[in-house]
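See structure below.
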Amino acid sequence: MKDIGQYDHREIEKRRSREWVEKALYSVRELLQGERFSVVIPPPNVTGSLHMGHALNATLQDILCRWHRMRGKQVEWVPGFDHAGIATQYVVDRQLQQKGMSRLEMGREEFLKKVWEWVPISRSAIREQLEKLGVSVDWSRERFTLDEGFSRAVRHAFRRLYEEGLIYRGQYMVSWCPNDLTALSDLEVEHEEEEGKLYYIRYPSEDGSWHITVATTRPETMLGDTAVAVHPEDERYRALVGKRLRLPLVEWKRRAMDGSEVSPLIPIVADSRVKPEFGTGAVKITPAHDPLDFEIGKSHGLAMVQVMDPFARMNENAGEFAGLDRYEARKKVVEKLEALGLLEKVERHRHAVGKCYRCKTVLEPTVSTQWFLKVSDQRIKSRALQVVREGLVRFIPDSWTKVYLQWVENLRDWCISRQIWWGHRIPVWYCEDCGHENLFTDEDFDRVYDKLIFNLIADGKIDQEFTPEEVEKVLHSNSFVHPEMTVLDFYKKFVFHRYHSTEVSAHLLRLFFTQDTNPTAILTEKKDRYKYDPKKKTYRFVLRCKRCGSERLRQEQDVLDTWFSSALWPFGVFGWPEETEELKKFYPTDLLVTGFDIIFFWVARMVFMGTFFLKEVPFRDVYIHALIRDEKGQKMSKTKGNVIDPLEIVEKYGADALRFTLAILTQQGRDIRLSEKRFEGYKHFANKLWNAGRFILMNLEPDLLSRLPYGAPPRPEDLWILTRLNRTAQKVNRALESYEFSEAAKELYEFVWSELCDWYIEFSKLRLYAKPQEGLPPEQAKAQEERLQAEKITVQATLLSVFERTLRLLHPFMPFITEELWQALPTAHRESVSLSPYPQYNPQELYEEAERQVERLKEIISSIRSLRSDLHIEPSRKVKLYYRAGESAPLVELFRPHLLSLAKLEGLESVEEEPPKCVAGFSKDFEFFLPLEEGVKLQELVSSYTRRLQEVEKQFKTFQERLSSESFLKRAPEEEVQKTKQSLQELEEEKRKVQTLLQALSKVRL
RNA sequence: AGGCGCGUAGCUCAGCUGGCAGAGCGCCUCCCUUACAAGGAGGAGGUCGGCGGUUCGAGUCCGCCCGUGCCUACCA
């Protein structure tokens, strides 16, 4: 007898999550032979905290990881975080602004220090949240996209791609954010339909005798026009091609990007990309501020005149408009044109405007020098298409396959450089003397100390000029990602696997540097690597231009797009580019769970990088989960204020309820509409489970396990519940195999509540609470006592066994409560339920006869209850029941105690004829009669039966019609015809009975 | 402009290969029966968005339309 009291999710979850982390239950310590299941978490951004989407993502992965683990696989689930370049910089920048500081005044180095101060705060908040959700990740392998190992992997990747000719640098059109002051990739541009205006402007000919009218949505860009283009076959303009126009307003010198002066006399060019049907068919060309104009400008060798600065203010090329914001400039330009009579008309015009995904600022298309990854190259693209077409990478639901393929087919090169400070700095050093682009990675150096120091410099951890003490300090300080180890330990574990014996101290370093200048260091590459400055007592790590040998190198200022590093995540976390054991064991990963919004940003790019670098797909299955919306179907966002904070839900309803809710709402291919009520509902489920456990524990004898051999044979209801459990296990496993989370959760809910609790536990009370008959002779009393004891053992054992397996089945969904209950059971023999096997379908444990019997019993009980309710007999009042049964007679006898108890009967008596003054009811062949009491109202019963009769008649009619149709009899399969005939018979029988009942009732009323 | 998805009970959604329309929540009635009122028992509620087609038979397959959501796009 043990009472676990009331369900308190807070206490349980707090205690258990701490325990799991402390015991490092889910850390893979040694790599085992045999099946493995490996997953990398989509690293959350270190910008804030987790939202419901993260909670869903983590829940689904955890369900699968726990499930696979319990199915005997070695599960490696790697957690980690993303440095999120622009987003993080934006967040920290805003914080500084609130304190009245400015990033630009502060400078790069100081600003980065601030970011490094802030990031761990956000990161530990996120980690804490993940722990609260109960995720079974391997914290010992936690990674960060900007940790020492990752940064090195990024440089390595950059180098390989660069050397393969897949990365190039050049002046191209990019989308520029005037607020974040950086270029963005095409994907980071959000298109939004807006109401705009189309301005028709007259451009006079060189001699002023005629003009061409062009249409534009952005009149201010005319200041940067260097041509007007028309379609070559456009009859209206054909004769004018080659002639020149005088660009209005521009009465000042304009300079192209190469410094040359550009005339305000601009040519009319012919280009088939112009759409004659749009506007006037003549389009002004601003090669420096429009993507299509840029293309056209390139084909026609037109000059590029930039008229705006990085803040999107007009620059000196805009003459009198210089200094104005682009929108003010637009107003002024239009005013002036109008005054000059050059504005023909203005029309309303809807068009799509590109905005920054982060700050929603309208982007400015600008030409600038950027780095690109040639993803359109066949070496990347064709393989990325192939692996998905061949099913090596599988999308679930499948509909995303097409989305992916379509996008990859239309790929354009990826702008990977960002003009921000937070991120992986591009490992390129320009020679100030010969202009050579030098790429350095630690592979340029073959000694460990050189590699280490190079990486520290490249990561910005130390300056290029440093003291050995600084190096020592950095390497011996706590690692950012794993504070339990030093940076040096981190290097040994995650970066330089081969050099695990390396020791570093200022003293050893000094020795090493001195040795370096020693004449015995014969190789020139090694010689003079460190230059000592006796004044400052610093060493300088010398990089030399690979072409001219100059030491005057300047590192590239730009950093890489965050997604460049995220794309390396599935192998970077396992130590790549080192060939580690982990990499061999866990790559390719088995599964990626993510939202559809980053299929292009991330999923596709991981496929690019994985297939390029490792010649293997990064993951086999990609499960694309739903987007979480609010109850009105709106996207959740902080600005709308409709977010539901997962932490609040965990606090109020528990992580188990949160997880179960998200799982049961996860239907493939459908977004989730969430309201707080949902969580409440499934907290009730947790409570129900808890109380079932409480009941079972309270009714287990302390020495049950040792008395198991003395149990009585099982009763049909025992076999029934075992069968139902078995079928549930089968369905849940099947559902999880096909990623049907909702289906699996529903099966479990249904089993626990509607079968175990509603029926089996009720049945079990008959034996648990059985009392011996009084007044028996001593021997008989003893024999009865023994029999009842044996029955008790059996029912307790069944309760225990069924409940124990139920907990295991439910564990992946509700890890905390199942762990807590499971540990309380006398059968708990492992560290955690999560390390016990997952119940599987067992064909031996299928008792179909018992299953049929109990299902029939339930029908009978329900029909009696229904009649009672119609007659308004209070649930607690016991009544006497007469019955007449055909085939069901033996069943009724077999389950007499069950009927008495669950239908609240004080007597159950078989009769031949309907007793007088009774109301009748039936369930198939089982007819029963309840004695009429004074004051019973029959009205509801009559209407209930009438409704039933109508239904039956309707159904009867359709079946009758179907069977009288010759074509049905001829064409429908024989089986179907038989089924219909049988149903018709049953309906006829039911109809007759209901009619009789109604007749009887009408007499009663008389 | 193209592409994808969704319209089933008051709400949120199941309904796989066509064969008697389901669940949860909400609602109504009765009950604090010793696991659980975070509960129990019973019940009401549906022209499956519309039209047409295929079929013996359509919520399910096909076409068109209406409504709605999203993604992609270099329409100045």
Side-chain angles (χ1 to χ4, degrees), chain A residues 3-4 6-7 173 191 198 214-218 221 229 273-275 277-280 282-286 290-296 349-352 365 399-400 402-403 406-407 410 412 596-597 599-600 627 629 631 633 635 664-665 667 669-675 677-678 680-699 738 740 742-743 746 749-750 757-758 761-762 765 769 862 865-870 872-877 902 904 940 944 947 951 954-955 958-959 962 965-973 975-977 979-980 983 987:
Chain A
D3 189 356
I4 52 174
Q6 300 230 311
Y7 175 49
M173 178 59 60
H191 294 276
L198 195 56
V214 297
T216 180
T217 52
R218 306 188 54 204
T221 63
R273 284 166 284 196
V274 176
K275 291 185 180 132
E277 68 281 2
F278 189 91
T280 60
V283 55
K284 60 189 261 329
I285 301 295
T286 325
D290 181 276
L292 181 63
D293 293 4
F294 176 76
E295 295 298 323
I296 293 178
H349 178 63
R350 280 197 75 78
H351 64 137
S399 50
W400 295 108
K402 208 174 149 187
V403 176
Q406 244 169 31
W407 185 76
N410 298 311
R412 290 167 34 170
F596 70 83
D597 45 336
I599 289 180
F600 308 143
L627 200 72
R629 300 172 177 282
E631 47 200 324
K635 239 176 169 173
I664 208 162
L665 293 179
Q667 251 122 27
R670 203 185 252 276
D671 287 349
I672 294 177
R673 288 196 186 195
L674 208 54
S675 72
K677 288 221 95 163
R678 298 307 192 89
E680 194 186 343
Y682 293 108
K683 185 193 173 177
H684 294 175
F685 176 60
N687 187 56
K688 187 76 180 175
L689 182 74
W690 181 264
N691 281 301
R694 184 179 179 203
F695 170 82
I696 290 166
L697 283 164
M698 281 199 310
N699 286 289
S738 48
E740 283 166 350
S742 179
E743 185 62 28
K746 273 181 194 161
Y749 185 97
E750 177 75 13
C757 292
D758 285 352
I761 285 185
E762 293 308 320
K765 289 175 182 170
Y769 299 157
S862 295
R865 284 171 172 174
S866 180
L867 183 63
R868 285 181 58 124
S869 178
D870 280 341
H872 288 253
I873 300 171
E874 303 89 77
S876 53
R877 203 163 105 220
L902 272 70
K904 284 279 179 301
E940 279 181 48
S944 161
R947 250 194 320 270
E951 251 172 62
K954 190 177 143 207
Q955 197 60 50
T958 43
F959 280 21
R962 191 174 300 175
S965 146
E966 234 171 88
S967 50
F968 176 72
L969 294 172
K970 231 170 29 195
R971 304 204 189 191
E975 193 194 317
E976 203 52 48
V977 176
K979 242 165 77 183
T980 312
S983 301
L987 284 166

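We name chains A, B, ... by the order of the sequence lines, and we start the count at 1 in each one.
With B:rA38, B:rG42, B:rG39 as the choices, the nucleotide that has an atom nearest any side-chain atom of A:Arg865 turns out to be B:rG42.
You won't find any donor-acceptor pair under 3.5 Å spanning the side chain of A:Glu762 and the base of B:rA41, going by distance alone.
Remark: A:Leu198 pairs with A:Tyr200, A:Ala215, A:Thr217, A:Phe278, A:Glu347, A:His349 by the side chain to side chain contact (heavy atoms under 4.5 Å, CB included) rule, at least two apart or across chains. For A:Ala686, the side chain to side chain contact (heavy atoms under 4.5 Å, CB included) test picks out A:Tyr7, A:Met814, A:Ile817, with sequence neighbours left out. For A:Glu750, there are no side chain to side chain donor-acceptor pair (under 3.5 Å) partners at least two apart in sequence or on another chain. Applying the side chain to side chain donor-acceptor pair (under 3.5 Å) test to A:Glu680 and every residue at least two apart in sequence or in another chain returns nothing. Remark: A:Phe600 engages A:Trp407 in a ring pair (Phe, Tyr, Trp, His ring centres under 6.0 Å) (not counting sequence neighbours). Every residue was checked against the side chain to side chain donor-acceptor pair (under 3.5 Å) condition with A:Ser399, not counting sequence neighbours, and none meets it. Contacts of A:Ser866 classified as side chain to side chain donor-acceptor pair (under 3.5 Å), with partners at least two apart in sequence or in another chain: none. Partners of A:Ser983 under the side chain to side chain contact (heavy atoms under 4.5 Å, CB included) rule, at least two apart in sequence or in another chain, are A:Phe959.
Atom P of nucleotide B:rG42 and atom CZ of A:Arg877 are separated by 18 Å, given to the nearest angstrom. Rounded to whole Å, the distance from CD on A:Glu976 to P on B:rG19 is 9 Å. Atom CG of A:Leu987 and atom C1' of B:rC20 are 8 Å apart (whole Å). For the pair A:Asp671 CG and B:rC70 P, the interatomic distance rounds to 10 Å; values are reported in whole Å. As a whole-Å value, the separation of A:Arg673 CZ from B:rC11 C1' is 10 Å. Rounded to whole Å, the distance from CZ on A:Phe695 to C1' on B:rA35 is 7 Å. The interatomic distance linking A:Phe959 (CZ) with B:rG19 (P) rounds to 12 Å, in whole Å. The separation between A:Trp400 atom CH2 and B:rG5 atom C1' is 8 Å, rounded to whole Å.
In this structure, A:Lys765 forms a cation-pi arrangement with A:Phe695, its terminal cationic atom sitting closer than 6.0 Å to the ring centre and no more than 45° off the ring axis.
Distance noted for atom C1' between B:rC75 and B:rG67: 27 Å (whole Å). For the P atoms, the distance linking B:rG49 with B:rG10 amounts to 13 Å, nearest Å. Taking the C1' atom of each, B:rC51 and B:rA14 are spaced 27 Å apart, rounded to whole Å. Here, B:rC4 and B:rG63 have their P atoms 11 Å apart, quoted to the whole Å.
Within the 4.0 angstrom heavy-atom criterion, no nucleotide atom of any strand lies near A:Lys954. Among the atoms of the strands shown, none is found under 4.0 Å from any heavy atom of A:Glu740. A:Ser866 comes within 4.0 angstrom of sugar-phosphate atoms only, judged by non-hydrogen atoms across all strands, and of no base. Residue-level contact check: A:Ile761 touches the bases, meaning some heavy atom is under 4.0 Å from a base atom. Note on A:Gln667: only backbone sugar-phosphate atoms sit closer than 4.0 angstrom, heavy atoms only; bases stay farther off.
Residues A:Val283 and A:Val214 fail the side-chain proximity criterion, which asks for heavy atoms closer than 4.5 Å. Residues A:Cys757 and A:Lys688 form a side-chain contact, since some pair of their non-hydrogen atoms from C-beta on lies under 4.5 Å apart. Put simply, the side chain of A:Asp290 does not reach to within 4.5 Å of the side chain of A:Pro365, judged on heavy atoms. In this structure the side chain of A:Thr980 reaches within 4.5 angstrom of the side chain of A:Phe968, judged on heavy atoms.
Closest-nucleotide positions on RNA chain B for A:Ser862 and A:Phe685 were compared, and the one nearer the 5' end corresponds to A:Phe685. In this structure, A:Ser944 and A:Gly693 both approach RNA chain B, and ranking their closest nucleotides by distance from the 5' end singles out A:Gly693.
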What dot-bracket string describes RNA chain B from 5' to 3', counting Watson-Crick and G-U wobble pairs whose defining distances are under 3.5 Å, with [ ] for crossing pairs and | for pairs to another strand? (((((((..((((.....[..)))).(((((.......))))).....(((((..]....))))))))))))....
Every protein N/O within reach of nucleotides 54-57 of chain B N/O, cut-off under 3.5 Å:
residue : atom : partner  : partner atom : Å
B:rC56  : OP1  : A:Arg971 : NE           : 3.2
B:rC56  : OP1  : A:Arg971 : NH1          : 2.2
B:rC56  : OP2  : A:Arg971 : NH1          : 3.4

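Between A:Lys402 and B:rC4 there is a side-chain N or O to OP1 or OP2 distance below 4.0 Å.
Annotation for A:Glu277: atom CD counts as buried by contact number, over 12 foreign heavy atoms lying within 6.0 Å.
When atom types are taken as modelled, the side chain of A:Arg868 and the backbone of A:Glu874 share a donor-acceptor pair closer than 3.5 angstrom.
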So if I define the base as every atom that isn't primed, P, OP1 or OP2, how would nucleotides 23-30 of chain B read as a B/S/- string at a heavy-atom cutoff under 4.0 Å? -SS---SB
For nucleotides 71-76 of chain B, 5' to 3', base contacts (B), sugar-phosphate-only contacts (S) and non-contacts (-) with protein non-hydrogen atoms under 4.0 Å give -S-BSB
